[in-house]
Trainee: 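Okay, handing you the structure first.
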Amino acid sequence: MHPRIPSPAILRQTPSKLPEAVEAALACAREHEDLGAYLTLLEERAREQAAQVVARVNAGERLPLAGYLVAVKDNIAIKDVPLTCGSKILDHHPSVFTATAVERLERAGAVIIGKTNLDEFAMGSSTENSALKQTLHPRDISRVPGGSSGGSAVALAIGSCHAALGSETGGSVRQPAAFCGVCGLKPTYGRISRYGLVAFGSSLDQIAPFASTCEELYPVLCAMSGADPRDATSASAPVPSSQKLTEPDRKLRIGVLRDYLEHESLAPDIASASRDAIERLRSDGHELIDLHLPVLSYSIPVYYIVATAEASSNLARFDGVRYGFRHPEADELSQVYDLSRGGGFGPEVRRRIMMGTYVLSAGYYDAYYNTALKVRRVIADALLDALSRVDVILTPTTPSTAFKIGEKVDDPVAMYLSDVFTVPANLAGVPALSVPWSDDSNGLPIGLQLIGKSFEEEFLLRSGMILERLRPTT
Amino acid sequence: MNTNYELIAGLEIHAQLSTSTKAFCRCPNRYGAEPNTLVCPVCLGAPGALPVLSKEVVKQATKLALAIGAEIHLHSRFDRKNYFYPDLPKGYQISQFNHPFATGGELHIAVGTSVRPIRITRAHIEEDAGKSMHLADGSTVVDMNRCGVPLIEIVSEPDFREPEEAGAYLTSMRELLRFIGVCDGNMEEGSLRCDANVSVRLRGESELRERTEMKNLNSIRSVERAIRAEMQRQIQAYESGGEISRQTLQWDDQSGKLTPMRAKEGSNDYRYFPEPDLPWLEITEADIDCERELLPTLPAARRKRYREEYGLHEEAVYLLASDRAISDYFETLLVDGRAPAIAAAWVQGDVQRILNENAWDFTEFPVSAARLGGVIDAVEQGRISRNAGRDLLRRMMTDTRSADEMISAEGMEQLSDATALRGIVRELLERFPSELAKYREGKTKMIGFFMGQIMQATKGQADPNSSREILMNELDHSN
Ligand SMILES: [Zn+2]
């Protein structure tokens, strides 16, 4: 998988190779600069970190992530490193603190290579909404890598790191993971501290890791998990200790969402890949159970009401008053707000702030926001009820494979529908995993999604290993 | 003022809780530091920072709710109140809207001779904003030290019928907040602030008329003045055939004028919605019981006891029950069985006089209740005179010994030995023959002269009662 850098397992055995691996990773990132995966390469910082890890290992410390080179989405804070969120409004404002998740990765021995591109404030499904850079699909540069964590997916796919952090609100890790042919896990809400993740839809947001395989992803998840006194919504559920991940020692009951397999927007290649997966799982001895959850069809509208409402408030702090972009022509206070926010935010962010402001406005609150909260509860209950009857739920991750750059930019609703299969897990707070399965007729990766029970990420990843074993060899 | 109209007014009080840290971060909650020195990513709303509620805030809010007899909700929730202002770094204030911490309750106010309850609607927890300061050059600077300081907002029902009632309520609430130690009540420093809602209606009307809101009422006097001014304005408007529209007014204490705030500021749609960064605030009956046990006996109950059981007069009742430190001091004096009236007289008289002379707050008074108790006992047992006791108390400002130690070390024991006193009296009568003669001619006021001489001769240690008895005896019987 990594033509340029040795695997984490090898680096863990021979930590002396770590500095060399860091150079190889940086060289790889620079070589693929045209793909636009990275916004900032942390060259000096990565070298220093690598030296420290070598010293710590030599001093006898047992570091579960020694040997892991990690890229971090640029909406996650690292002290003294610019935090752009893919926006002009932050104006390369350096963060004054480090996110808990990153702190924990580094404590466990990971080396951070750089910060990756994203749709502005994680709002998008193609990384086309970045105000700073275009990120291209590694297999076809006329296509998008997915989003909003497109930079992290590409950084991993080109082999410049072993794992990458993205963030999920409605599918922003699973969708680019599927598009780029890597694994992406959205953990249970509360599993990983959000402290240091720039908020988009706070009740949905989770930091979420990418890796090449479920096995390599697991230690990254373990290192970041657990309650954080700085995030009141982080969960105190016990954290699994990172041992070598193996397939479950029994056959699974796998739920299949028929509505999704027959979804009007589902590409034929993905439909047949899904049927193929179902057949292979059945022959492998697993029980497949049809599920019918019509209420999930409300997921996209509910999601866009809840997420934009929260976003309209979360993004109010970017006002040009204290830091970041302030419009040069702003004289009086109302102009500081209007011109700085109007000029600093891109069109998709402005659209979502306006939608969110609208649904929270007096007179519309009950019709939109309050109703959406109620439907969210119904969707969550339906999904949790279904999960109580099966071990995992299998769906395609996305309705299509990577689409062309520009194909959906003028049609926001078509763009929003990219998340149609991923959003329910965010609304219910349950974990969900995208695993690469096969390629479509254009040679573009197809991902399959497994949705699991709350705080059972370990089981979900073990189940993902079954798909990895059964997938057709290309 | 036209007396056909009656006032309908309610108050919203914002009290800064005296916690050691801010509400949602670990920054110190302290007034008067250099601007923008008590700040961190959380209270500055740095991208990615998250609020975490301090337990101390909940404890203090619980105390207040118990003290006003409000119902504390075991589940309450935070909401975001969204608006843009430079002193509001997140673009929203964390507050409680639909599910407040506590509802109901009441506070008794005394106006004239009558005491009546004012109903309280709700009390909720929120965070303070920073402080904007408008400079002479027209620019505005912002101090974020106050950002995130915990507030409790206490909303009353529109129960005030006279401006003075609103003043009495604010006085009473301030006293209570200070008494239970949740707010220092300092209105000048802004730790206690007040808004008022005012409408008027013709007496006998059952419907409420449109009300206006007044902000920035930062003293008890300005609350009363502003309500009175607004009441007059509304009555005049109705009387001249006009209408009152809902608006927010700014009170200027210096000019005594109300000016409407810009409509934009008054008609904000705050777009409240549940704060997703904070879980429901859960509190248990056990938590509440724990605070209930720590709650001191409140001023109202103390007053009742002082009045009815101790028979103290009203002035003493108010002085001794309004301030927690003074009241506890007074009650400590009573522990050893001292008479309340006597202890009250010392605290109200001598102690207050010393405080006034030194411009001290009671907390600065250096004599403990135990030491003052020693002084009182020495006087009551006749070991020293009242005057000597007063003198002893003053010397205790710089002397840390107990009353007994000071009395015996300096031989201050009162002279009440009859033989010794009689000797002194006889000697004086011989020394002042003309004064003695005057007395014999009927000038009874010479008794005072001789008493003075006795005290002088004994440096004040003569027991006045026995001295007087012996003096009278000698005056009337010696020739
Ligand atoms: Zn702070």
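A note on names: the letters A, B, ... follow the listed sequences, proteins ahead of strands, and every chain is numbered from 1.
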Trainee: What part of A:Leu333 is in contact with chain B, defined as an atom under 4.5 angstrom from a non-hydrogen atom: side chain, backbone, both or neither?
Mentor: side chain
Trainee: Does any backbone or side-chain atom of B:Tyr83 lie under 4.5 Å from a heavy atom of chain A? Answer side chain, backbone, both or neither.
Mentor: neither
Trainee: To check you understand the geometry: which heavy-atom pair defines the closest contact between A:Arg322 and B:Leu88, and what is its length?
Mentor: NH1-O, 4.4 Å
Trainee: Can you confirm whether B:Pro274 sits close enough to A:Tyr369 that some side-chain heavy atom of one is under 4.5 Å from a side-chain heavy atom of the other?
Mentor: yes
Trainee: Tell me which of these, A:Leu90, A:Asp231, A:Val96, A:Leu204, has more heavy-atom pairs under 4.5 Å with chain B than the rest.
Mentor: A:Asp231
Trainee: To the nearest 0.5 Å, what is the distance between CG (A:Leu360) and OH (B:Tyr270)?
Mentor: 15.5 Å
Trainee: Tell me the closest heavy-atom pair linking A:Phe97 and B:Ala49, and the distance in Å.
Mentor: CZ-N, 3.7 Å
Trainee: Please look at A:Tyr364 and chain B and tell me whether the side chain, the backbone, both or neither of the residue comes under 4.5 angstrom of a heavy atom of that chain.
Mentor: neither
Trainee: Taking atom CG of A:Asn314 and atom CG of B:Asp277, what is their separation to the nearest 0.5 Å?
Mentor: 6.5 Å
Trainee: Check whether A:Tyr189 gets within reach of chain B through its side chain, its backbone, both or neither, counting any heavy atom under 4.5 Å.
Mentor: side chain
Trainee: Is there a donor-acceptor pair under 3.5 Å between the side chain of B:Asp269 and the backbone N or O of A:Ser361?
Mentor: no
Trainee: Would you mind checking which part of B:Leu44 comes under 4.5 Å of any heavy atom in chain A, side chain (CB onward), backbone (N, CA, C, O), both or neither?
Mentor: backbone
Trainee: Decide if atom CZ of A:Arg351 counts as having more than 12 heavy atoms of other residues, nucleotides or ligands within a radius under 6.0 Å.
Mentor: yes
Trainee: Minimum heavy-atom separation for A:Phe318 and B:Pro47, please, with both atom names.
Mentor: CE2-CG, 3.7 Å
Trainee: Given a strict heavy-atom distance threshold of 4.5 Å, which part of A:Asn75 is in contact with chain B: side chain, backbone, both, or neither?
Mentor: neither
Trainee: At their closest point, which heavy atom of A:Thr233 faces which heavy atom of B:Pro276, and how far apart are they?
Mentor: CG2-O, 3.5 Å
Trainee: Quick check on B:Val42 against chain A: is it the side chain, the backbone, both or neither that has a heavy atom closer than 4.5 Å?
Mentor: side chain
Trainee: How far apart are the C-alpha atoms of A:Arg317 and B:Phe84, what are their side-chain angles, what is the distance that settles it, and do they pass the side-chain contact (heavy atoms from CB on, under 4.5 Å) test?
Mentor: CA-CA 9 Å; A:Arg317 70 189 62 191; B:Phe84 287 100; over 6 Å; no
Trainee: Is it true that a side-chain atom of A:Tyr337 and a backbone atom of B:Tyr85 form a donor plus acceptor pair closer than 3.5 Å?
Mentor: yes
Trainee: Please report the shortest heavy-atom distance between B:Pro41 and A:Tyr195, naming the atom on each side.
Mentor: CB-OH, 4.3 Å
Trainee: Check each atom of A:Ala362 against the heavy atoms of chain B and say whether the ones under 4.5 Å are side chain, backbone, both or neither.
Mentor: both
Trainee: Given a strict heavy-atom distance threshold of 4.5 Å, which part of A:Ser95 is in contact with chain B: side chain, backbone, both, or neither?
Mentor: neither
Trainee: Of all of B:Gly91, B:Gly45, B:Cys25, which one pairs up most often with chain A through heavy atoms under 4.5 Å apart?
Mentor: B:Gly45
Trainee: Let me confirm one number: the OG-CG distance from A:Ser193 to B:Leu50, rounded to the nearest 0.5 Å.
Mentor: 6.5 Å
Trainee: Between B:Asn82 and chain A, which part of the residue has a heavy atom less than 4.5 Å away: side chain, backbone, both or neither?
Mentor: side chain
Trainee: Among A:Leu83, A:Val336, A:Val321, A:Thr357, which residue has the highest count of heavy-atom pairs closer than 4.5 Å to chain B?
Mentor: A:Thr357
Trainee: Which atoms of A:Ile76 come close to chain B, meaning under 4.5 Å heavy atom to heavy atom: side chain ones, backbone ones, both, or neither?
Mentor: neither
Trainee: Which bit of A:Val198 is near chain B, if near means a heavy-atom gap under 4.5 Å: side chain, backbone, both or neither?
Mentor: both
Trainee: Give, for atom CD of B:Glu275 and atom CD of A:Glu310, the distance between the pair rounded to the nearest 0.5 Å.
Mentor: 9.0 Å
Trainee: If you measure from OG on A:Ser313 to OH on B:Tyr272, what distance do you get to the nearest 0.5 Å?
Mentor: 12.5 Å
Trainee: Measuring from atom CG of A:Asp319 to atom NZ of B:Lys90, what distance do you get when rounded to the nearest 0.5 angstrom?
Mentor: 12.5 Å
Trainee: Select one option (side chain, backbone, both, neither) describing which atoms of A:Leu197 are under 4.5 Å from chain B's heavy atoms.
Mentor: backbone
